[in-house]
**Q** 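Sharing a structure with you now.
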2 protein chains.
Amino acid sequence: MSYLIQHRQQKILELLAGKEHVSVTDLSKSLDVSEVTIRTDLNKLDKLGKIARIHGGAYLIEERLKQEYTFQTRKSLNHSNKQKIGALASTFVDSSDCILLDSSSTVLTLAQAIKKRNDLKDITVIPTGIWTAIELMGCSNINVLLPGGYLRHTTGSITGLPTNDFFRDLLIQKAFLGAWGISYGEGLTDTHLLEIELKKFIITRAREVIILVDGSKFRQIGLSAYANINQVSKIITDASAPAEEVERIRNSGVEVLIAN
Amino acid sequence: MSYLIQHRQQKILELLAGKEHVSVTDLSKSLDVSEVTIRTDLNKLDKLGKIARIHGGAYLIEERLKQEYTFQTRKSLNHSNKQKIGALASTFVDSSDCILLDSSSTVLTLAQAIKKRNDLKDITVIPTGIWTAIELMGCSNINVLLPGGYLRHTTGSITGLPTNDFFRDLLIQKAFLGAWGISYGEGLTDTHLLEIELKKFIITRAREVIILVDGSKFRQIGLSAYANINQVSKIITDASAPAEEVERIRNSGVEVLIAN
DNA sequence: ATTAATTTACGATTACTTACAATATTTTTT
DNA sequence: AAAAAATATTGTAAGTAATCGTAAATTAAT
């Protein structure tokens, strides 16, 4: 599983777009390379004018760049694998369900898969991202219930206190969530605190939690965890997921499905 | 197992289309040829401009994925008039304001006008339609607070009980509303009951109500009224509005502005 | 038999890591 | 509040590993 520098640097920018600031130490751990490598990466990106280097890490102040690494670009990463994951996940949706779809790009492919299934009648979808909402807008058999909250312009996700309030009185049957990183030890991690808070809360309101992650998310660790592995009922991923990690998770009793 | 070169290179492109990044090592293994062969393939594809070569592999150079939400800027005959109305309305927005924009197409032009004004600092916009929300998403100086509620397929507006609940605790400085019909006698009318309910409610929560209607809306009457003329503080319209009706409204004490 | 495609081999290049001294930052002491 | 000590972060250099391009050797295709 050879890493490409381009890939890594893009990941750094992606991370930065989500949380404005990154530290060399965290990046080193998350991306599994030495700190020196991260430093040269950051210095390179600094020279290119893409980030602002500071002692201990880097900042991304320019709004222009944040938008560059928005949802649209994330969507194109690993797209075919993500589509397979979405297709498999859609088989777990039934008529009359009330499901939640988070704002991750992997979960968006689930929305697309649901659209194609015309056997589903009268389902209610609660999307926590605006792009998913739009994806599902045209479907007459799908009720879209949008949560209130602040709209993040980088990712199009809906978060904040109003969002948590919105979910307080709801009971969701199935919550489909993505993650920035997943590992047996650290659990499910993400990079943005507001989203972490929201996901934590959603899990308490959902009867069944299904995780959708492509293989690249294994061995990545985000800023903070929103759940342990054993808090979820299913994990759906693709064949590029590292086998030994999958095995470890399975041994702990959590169902892991590989989409092909 | 002998492949044709073109076949193999096509396969590389296909793999790339899904993964965005590919490494020489992985390609060599999966296509069962030596790394040198892969390298010459990649270099060839690079020369053709189909991929971008980097140390260790290659990445896809895709023409900027078009924003797929194919903005349904409703092809209205009065578009230029609406734009003028939006531009004039934007002069009533100040820094630090908290304003509400409804889901009508006329008010959408106000959102576009606000985007262009970079003298406005730190304003909060509550849009009751998803298209307005997206229009304002990119702007760093604008906080977008999305109300919760059901998303209507046809118009992209957010309505229903959850929406009313959302506004219950809010106090809005300025509410910019459209209307399906406007007349001195019937007041401001609309065609959809949920939207009527919502607008009635919004008016009770707003300190100032500003109506944006193009001239064609005069002498149209909808299903039911959401407000009387004298409940609003300003009406902004264009030169095509019938003069005698405008005069009648002005005489009742409501300010009517004509955008040019 | 001739040409094209691929592989093997190898020195050159690039990328990454470890190690370490220099600098910056924070904490503790005075 | 300043000085001293402890901690963290930095850039550089040397060593290791991976990847590169080239060319000769091998294999496949016509």
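Every chain is numbered from 1, with letters handed out A, B, ... down the list of sequences.
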**Q** In this structure, how many angstroms lie between the P atom of C:dT17 and the CG atom of A:Leu31, rounded?
**A**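 Checked: the CG to P distance equals 11 Å.
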**Q** Among D:dC20, C:dT17, D:dT10, which nucleotide sits nearest the side chain of A:Arg39?
**A**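 The answer is D:dT10.
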**Q** Side-chain N or O of B:Arg53 less than 4.0 angstrom from OP1 or OP2 on D:dC20?
**A**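 It does, given that an N or O in the side chain of B:Arg53 lies less than 4.0 Å from OP1 or OP2 of D:dC20.
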**Q** Side chain of B:His55, heavy atoms from C-beta onward: which of C:dA15, C:dT8, C:dT17 has the nearest atom to it?
**A**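 Nearest to the side-chain atoms of B:His55, counting from C-beta on, is C:dA15.
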**Q** Check every atom of C:dA15, C:dT8, D:dT12 against the side chain of B:Val36 and return the nucleotide holding the closest atom.
**A**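 From the listed options, C:dT8 comes nearest.
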**Q** Return the value, rounded to whole Å, for the distance between atom CD of A:Glu35 and atom P of C:dT18.
**A**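 Taking atom P of C:dT18 as the reference, CD of A:Glu35 is at 11 Å.
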**Q** Consider side chain to side chain contact (heavy atoms under 4.5 Å, CB included). Of A:Val209, A:Ile182, A:Ile235, which one does A:Leu188 pass it with?
**A**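 It is A:Ile182; the other options fail the test.
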**Q** Would you say a side-chain N or O of A:Thr37 is under 4.0 Å from OP1 or OP2 of C:dT17?
**A**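 Affirmative; the distance criterion is met.
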**Q** In this structure, how many angstroms lie between the P atom of D:dT12 and the CG atom of A:Asn43, rounded?
**A**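 Value for this atom pair: 9 Å.
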**Q** Once you round it to whole Å, what is the distance between P of C:dC16 and CG of A:Asp32?
**A**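 In whole Å, C:dC16 P lies 12 Å from A:Asp32 CG.
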**Q** What does the inter-axis angle of the helix from C:dA1-D:dT30 to C:dT30-D:dA1 come out as, five pairs per end, nearest 10 degrees?
**A**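 Between the first-five-pair axis and the last-five-pair axis there is 30°.
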**Q** Are any of A:Arg8's side-chain N or O atoms less than 4.0 Å away from OP1 or OP2 of C:dC16?
**A**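 True: A:Arg8 side-chain N/O within range (under 4.0 Å) of C:dC16 OP1/OP2.
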**Q** Using the test side-chain contact (heavy atoms from CB on, under 4.5 Å), find all partners of B:Asp97 that sit at least two apart in sequence or belong to another chain.
**A**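 Scan of B:Asp97 (side-chain contact (heavy atoms from CB on, under 4.5 Å), adjacent residues dropped) gives B:Val93, B:Asp94, B:Ile99, B:Ile123, B:Gln173, B:Lys174.
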**Q** Phosphate oxygens OP1/OP2 of D:dT19: is one of them under 4.0 Å from a side-chain N or O of B:Thr25?
**A**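 True: B:Thr25 side-chain N/O within range (under 4.0 Å) of D:dT19 OP1/OP2.
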**Q** Under 4.0 Å between a side-chain nitrogen and a carboxylate oxygen: does that hold for B:Arg168 and B:Asp165?
**A**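 Yes, charged N to carboxylate O under 4.0 Å.
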**Q** If I take atom CD1 in residue B:Ile38 and atom P in nucleotide C:dT8, what distance separates them, rounded to the nearest angstrom?
**A**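 Result: 13 Å.
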**Q** For the side chain of B:Ser95 and the backbone of B:Lys121, is there at least one donor-acceptor N/O pair under 3.5 Å apart?
**A**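 At least one qualifying donor-acceptor pair exists.
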**Q** Quick check on salt bridge (charged side-chain N to carboxylate O under 4.0 Å, His left out): which of B:Arg53, B:Lys47, B:Arg8 does B:Asp41 satisfy it with?
**A**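 By the salt bridge (charged side-chain N to carboxylate O under 4.0 Å, His left out) criterion, B:Asp41 pairs with just one of B:Arg53, B:Lys47, B:Arg8: B:Arg8.
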**Q** Please report the distance, rounded to the nearest Å, between CD1 in A:Ile5 and P in C:dC16.
**A**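 Nearest whole value for this atom pair: 6 Å.
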**Q** Can you label the angle between the A:His7 ring and the B:His21 ring as parallel, tilted or perpendicular, going by 30° and 60°?
**A**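 A:His7 and B:His21: parallel rings.
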**Q** A:Lys29 NZ to D:dT9 P: how many Å, rounded?
**A**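 A:Lys29 atom NZ is separated from D:dT9 atom P by 10 Å.
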**Q** Assess the side chains of B:Lys50 and B:Gln9: does a donor N or O sit below 3.5 Å from an acceptor N or O?
**A**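 Distance-only check fails for B:Lys50 and B:Gln9.
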